Amino acid sequence: MRVGLIFLVAACQPTGGLSPLYEGPPPPPGTPEVREAVDGLVVGHRLMAAGEYELALKAYLRGAAEHGLTVDVLSALGSANLRLGRLGQSEDLLRRAIDADDSFVPAWNNLGVVLMETGEYGEARRVFRTAYGLDNGASDEIRQNLRLAIAKTENPAYYEPEQKNFELMRRGNGRYLLLSAP
């Protein structure tokens, strides 16, 4: 009984922050004090545009800590994982984004891109059709993705030597375009 009381009292005492052993040197004179960091989602989008996918993933994770696992965050994490070639993780995250908001067009489109990469052309066609319908046909990128998926499903032997790989191009505001890479 006495031992439990000692631990209880010790747990209630303030720690006082870091000990001097773990504090770094003071900042140089004139260093501005940062009170607010830039939003992790904004930083992640900029890093994706710059081709820094691993850093973008880390920024999106910081965004998840700030905002929670919103549909925007889940879709961004899925897109970063897609660019890193982590198709399984990407698919899981994008499906979670769609479960969170089944009207979020970028998540539908990006899921279609993942399915195209994995050779699931029939399901990709259905997913792109859903994205196209939700977008009211306003996106040329989604229309192009849907056309490619239709071509792949209607002709299983469909083969274009110049189009062996796909490139995912960010078109802003959470939209991506599936392009063939040289």
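Source: prediction; values computed, not measured. The first residue of the sequence shown is numbered 1, and numbering continues consecutively from there. Atoms considered below: every heavy atom in the structure, side chains included; atoms not considered: hydrogens, waters and symmetry mates.
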Considering all heavy atoms, the nearest A97-S75 contact: CB-N, 4.0 Å

Expected output: side-chain T31 to main-chain P27 donor-acceptor under 3.5 Å: no

K58/E54 salt bridge by N-O under 4.0 Å criterion: no

Interatomic spacing from CE in M116 to CG in L111 - rounded to 0.5 Å: 12.5 Å

Sub-4.5 Å side-chain heavy-atom contact between W108 and I98: yes

Backbone of S103 reached by a side-chain donor or acceptor of D101 within 3.5 Å: yes

SB check D92 R95 (cutoff 4.0 Å): no

Verify same cluster id: M48, L61 (apolar side-chain graph, 4.5 Å): yes

Verify same cluster id: L55, Y60 (apolar side-chain graph, 4.5 Å): no

4.5 Å side-chain heavy-atom contact, T70 and L74: no

Atom pair CZ (R83) and CD (E52), whose distance is rounded to the nearest 0.5 Å: 12.0 Å

Side chain proximity check, N109 to F128, heavy atoms < 4.5 angstrom: yes

Atom pair CG (L77) and CG (L94), whose distance is rounded to the nearest 0.5 Å: 9.5 Å

Common cluster, L84/L41, ILVMFWY with side-chain heavy-atom separation under 4.5 Å: yes

Side-chain donor or acceptor of N110 paired with backbone N/O of P106 under 3.5 Å: yes

Heavy-atom check, side chain of Y132 versus side chain of S139, under 4.5 Å: no

Beyond-backbone contact of L69 with R96, side-chain heavy atoms, under 4.5 angstrom: yes

Flag side-chain contact, heavy atom, 4.5 Å: T153 against R126: no

Heavy-atom pair with the smallest gap, counting every atom of L115 and A124: CB-CB, 3.7 Å

Reported CG-to-OG1 distance for the pair D135 and T130, which is rounded to 0.5 angstrom: 12.0 Å

R129 (side chain) donor-acceptor with L146 (main chain) under 3.5 angstrom: no

Validation row: D39, H67 side chains within 4.5 angstrom (heavy atoms): yes

Nearest non-hydrogen partners of G68 and V73, listed with the distance: O-CG2, 3.6 Å

From OG (S90) to CG (N81), nearest 0.5 Å: 6.0 Å

ILVMFWY cluster, V43 and L57 together (side-chain gap under 4.5 Å): no

